[in-house]
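Notes to accompany the following structure.
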Amino acid sequence: MDGSAAELEAAERVVMRWDSAGAGGDEPMLFDGAGDRAEADRFLRAVDDLRRLAPPSPAAVGSPRRLSSSSGSSAAAAGGSGALQVAMARLEDEFRHVLSSRALDLEIEALADLSSLSLTSDRSNSASSADLPAPDEDDSVSSSVGRRSSSAYRSLRSIREIDLLPDDAVADLRAIASRMAAAGYGRECAQVYASVRKPAVDASLRRLGVERLSIGDVQRLEWDALEAKIRRWIRAARAAVRGVFASERRLCFHIFHDLPISSTTISAAAAPATHDTPFAEAVKGAALQLFGFAEAISIGRRSPEKLFKIIDLHDALSDLLPDVSDIFAASKAAESIYVQAVEIRSRLADAVRGILSEFENAVLRDPPKTAVPGGTIHPLTRYVMNYSSLICDYKVTLSELIISRPSASARLAAEGNELAPSLADLELPELENQLPLASHIVWIIVVLEHNLESKAALYKDPALSHLFMMNNVHYIVHKVKDSPDLWGMIGDDYLKRLTGKFTMAATNYQRTSWLKILNCLRDEGLHVSGGFSSGISKSALRERFKSFNAAFEDAHRVQSGWCVPDNQLREELRISIAEKLLPAYRSFLGRFRHHIENGKHPELYIKYSVEDLEIAVGDFFEGVPPTPHNRRRSHG
């Protein structure tokens with residue numbers, strides 16, 4: 001027997017002692033992570049010798065478990081090729097055992113801390129040494145186990161890789177995988193990897209709170225529940241991508257990098273496997289499930305209340321995409337995950353644009369139904385202005401996504417809208433150097449004003465109609481002034497236009513409401529000429545006092561129930577009324593009171609002192625019926 005035959009026979013004896021075909025489940029393992037490693041080293045050297053001295057024929061390559069089990073007896077497998085198949089079956093079992101038994105418990109709590117990272121993580125600085133994978137010590141098992149490379153697999157600052165197995169276990173897995181790949185069983189090794197790691201990845205995502213929901217499940221959720229799930233998804237997605245997937249990618253890289261894992265039985269037409277294939281098979285289902293939630297949101301029903309959470313989702317996904325690219329895009333087997341994430345972000349951007357358009361149309365279509373009591377601020381005004389302020393809070397993203405001004409069709413087409421006939425009168429102010437987003441905000445306010453005018457027409461009292469417009473435009477102006485971002489968006493010129501509209505509404509209210517009352521305090525119609533008269537018609541004067549009293553009492557009764565919710569505006573309006581009313585009444589009273597007091601029952605005509613009126617004006621615009629006052633009579 002020559003030296004080669006002796007070496008081959010010795011190698012076969014080592015391998016056949018570990019023939020696992022038909023062995024029980026509690027058989028000893030070579031790579032058990034403890035005890036003497038000499039036998040494992042001896043077995044690997046025997047496999048190397050078998051492969052060197054008795055390379056397998058193409059017909060013999062296949063599943064090592066199937067081929068070994070079907071050999072019938074150890075004698076039938078005693079040839080070099082048969083012994084190699086037995087060795088592959090044993091290594092397959094060892095690979096599965098190490099991968100399953102040596103896995104470290106993934107600290108999900110540590111991964112969840114990734115959610116505290118800023119949405120705009122610093123990608124300009126290089127990663128610190130703590131962020132890079134540390135190289136292994138020299139491999140004691142096999143020289144074929146390379147050091148963990150920090151250059152071949154880049155690690156971003158935002159990625160936080162966690163060891164999924166101890167270093168010595170990773171070295172064992174690499175040693176096993178390299179033997180199986182060299183013998184043509186790389187694909188079988190990869191399949192074992194995927195079968196063990198896929199459930200582990202799925203379990204990690206479940207612990208992060210990622211639910212298995214279909215698109216239909218997501219779209220049937222009530223918005224409050226969905227909003228909460230979006231918040232949880234953003235936290236979970238950061239941890240899943242930057243922790244779970246990144247760590248899995250690194251583990252797979254250290255085990256399979258540069259190994260020929262395609263089996264020789266793969267047909268020429270089949271897609272070739274690469275060292276990324278095990279990683280793709282392990283995480284693809286979990287990744288599709290993770291991003292499937294965002295996809296369901298992106299194609300769901302569009303309604304205004306969803307805008308800001310969808311922007312949050314878009315921004316979170318945008319922030320993750322560089323990491324998704326780093327983890328998935330470089331892999332032919334996994335790049336479809338990156339492509340899907342990019343497409344979902346694009347659909348989320350479309351959803352944002354569509355929702356903004358739907359919001360504009362909703363403001364336009366909100367019908368005039370019942371007038372709000374007392375001419376107070378309409379709920380639509382509060383909703384639209386608070387919404388517009390939130391739009392400005394998201395202006396960085398929205399300025400990137402909103403790239404066109406409101407179209408003519410969007411502005412003027414309102415099919416089925418009862419306000420449509422008057423829409424042609426609306427104009428979108430052309431402001432210099434205005435961002436498209438800013439033009440949309442201005443258009444929203446223009447449409448709101450138009451809608452408010454139709455709601456003002458519901459009031460039968462013209463004065464209350466003007467008060468309603470005054471209240472609402474005042475609210476719009478102050479919401480703009482209270483938000484520097486909103487003010488900056490609409491600009492000074494349009495703000496001046498709004499302020500002018502407010503001033504006009506306030507002036508129209510006072511003119512409509514008080515002109516008739518103040519006219520009662522004019523001299524016209526009180527003088528008579530000729531005869532022995534003093535020149536004043538007492539009957540006309542008595543009627544004038546009665547008319548004033550009735551008009552003021554009616555205004556007091558009615559307008560105390562009207563509402564000006566802004567404290568400062570309410571007080572300014574009362575002062576403005578008093579400044580017109582009190583001097584006019586004081587002058588009229590001074591000129592004509594003695595004509596009444598010299599007659600019968602003067603208290604029937606001079607019912608109020610100037611101080612009484614001043615007190616009564618303080619009741620106006622409280623939104624509640626007036627309370628009686630102890631009025632001081634001017635006649636004594």
Side-chain angles (χ1 to χ4, degrees), residues 368-382 452 455-478 502-522 544-589 603-635:
K369 296 176 182 177
T370 305
V372 293
T376 190
I377 299 167
H378 198 282
L380 179 68
T381 306
R382 295 184 186 276
L452 290 172
K455 288 173 167 53
L458 295 171
Y459 296 101
K460 295 179 180 179
D461 188 330
L464 184 53
S465 178
H466 293 309
L467 187 82
F468 171 80
M469 287 302 297
M470 179 199 73
N471 275 328
N472 282 270
V473 178
H474 178 268
Y475 182 84
I476 293 171
V477 168
H478 274 259
F502 155 72
T503 303
M504 181 179 296
T507 302
N508 288 341
Y509 153 74
Q510 293 191 57
R511 182 183 296 117
T512 305
S513 184
W514 291 96
L515 189 59
K516 178 182 177 182
I517 297 174
L518 292 173
N519 281 341
C520 294
L521 303 177
R522 298 173 65 185
R544 189 65 65 83
F545 268 107
K546 287 172 65 177
S547 295
F548 171 81
N549 293 337
F552 180 78
E553 286 167 1
D554 183 63
H556 180 249
R557 175 182 56 81
V558 172
Q559 296 194 34
S560 293
W562 293 358
C563 185
V564 177
D566 184 87
N567 293 334
Q568 182 178 344
L569 176 60
R570 183 171 62 250
E571 190 57 33
E572 288 175 354
L573 198 57
R574 289 170 178 167
I575 291 171
S576 179
I577 292 168
E579 286 175 346
K580 295 177 178 65
L581 174 66
L582 300 185
Y585 185 72
R586 182 181 293 110
S587 175
F588 188 81
L589 202 59
E603 73 277 2
L604 297 177
Y605 306 105
I606 303 177
K607 298 175 67 174
Y608 303 105
S609 68
V610 174
E611 291 77 9
D612 290 334
L613 295 185
E614 186 174 11
I615 291 170
V617 168
D619 291 335
F620 280 51
F621 318 123
E622 288 289 348
V624 294
T627 57
H629 293 285
N630 294 322
R631 300 185 179 89
R632 188 181 68 193
R633 303 301 184 206
S634 62
H635 55 272

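The basis for the numbers below is simple: all heavy atoms, side chains too, and nothing from hydrogens, waters or symmetry mates.
Every residue two or more places apart in sequence or in another chain that forms a side chain to side chain contact (heavy atoms under 4.5 Å, CB included) with Q568 is listed here: D566, E572. Residues satisfying the side-chain hydrogen bond (donor to acceptor under 3.5 Å, both in side chains) criterion with D554, sequence neighbours excluded, are R557. K580 is linked by a side-chain hydrogen bond (donor to acceptor under 3.5 Å, both in side chains) to Q510, S576, counting only residues two or more places apart in sequence or in another chain. In terms of the side-chain hydrogen bond (donor to acceptor under 3.5 Å, both in side chains) criterion, R544 has no residue partners (sequence neighbours excluded). Shown here are the side chain to side chain contact (heavy atoms under 4.5 Å, CB included) partners of H466, two or more places apart in sequence or in another chain: N508, Y509, T512.
Counting heavy atoms from C-beta on, the side chains of L573 and M470 come closer than 4.5 Å. Between F502 and H478 the shortest side-chain heavy-atom distance does not fall below 4.5 Å. Residues V473 and M504 fail the side-chain proximity criterion, which asks for heavy atoms closer than 4.5 Å.
For the pair R574 and F621, the NZ or CZ position fails the cation-pi test of under 6.0 Å to the six-membered ring centre and within 45 degrees of the ring normal.
A centroid separation of 6.0 Å or more is found between the aromatic rings of Y585 and Y608.
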Can you list, pair by pair, the side-chain donor-acceptor contacts under 3.5 Å of residues 368-381, counting residues two or more places apart and other chains?
{"unit_1": "H378", "atom_1": "ND1", "unit_2": "L380", "atom_2": "N", "d": "3.0"}
{"unit_1": "T381", "atom_1": "OG1", "unit_2": "N472", "atom_2": "OD1", "d": "2.6"}

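Across S465 and A456, no two heavy atoms sit closer than the pair OG-O, 3.0 Å.
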Y459/M469 under side chain to side chain contact (heavy atoms under 4.5 Å, CB included): CA gap, chis, key distance, verdict: CA-CA 11 Å; Y459 296 101; M469 287 302 297; over 6 Å; no
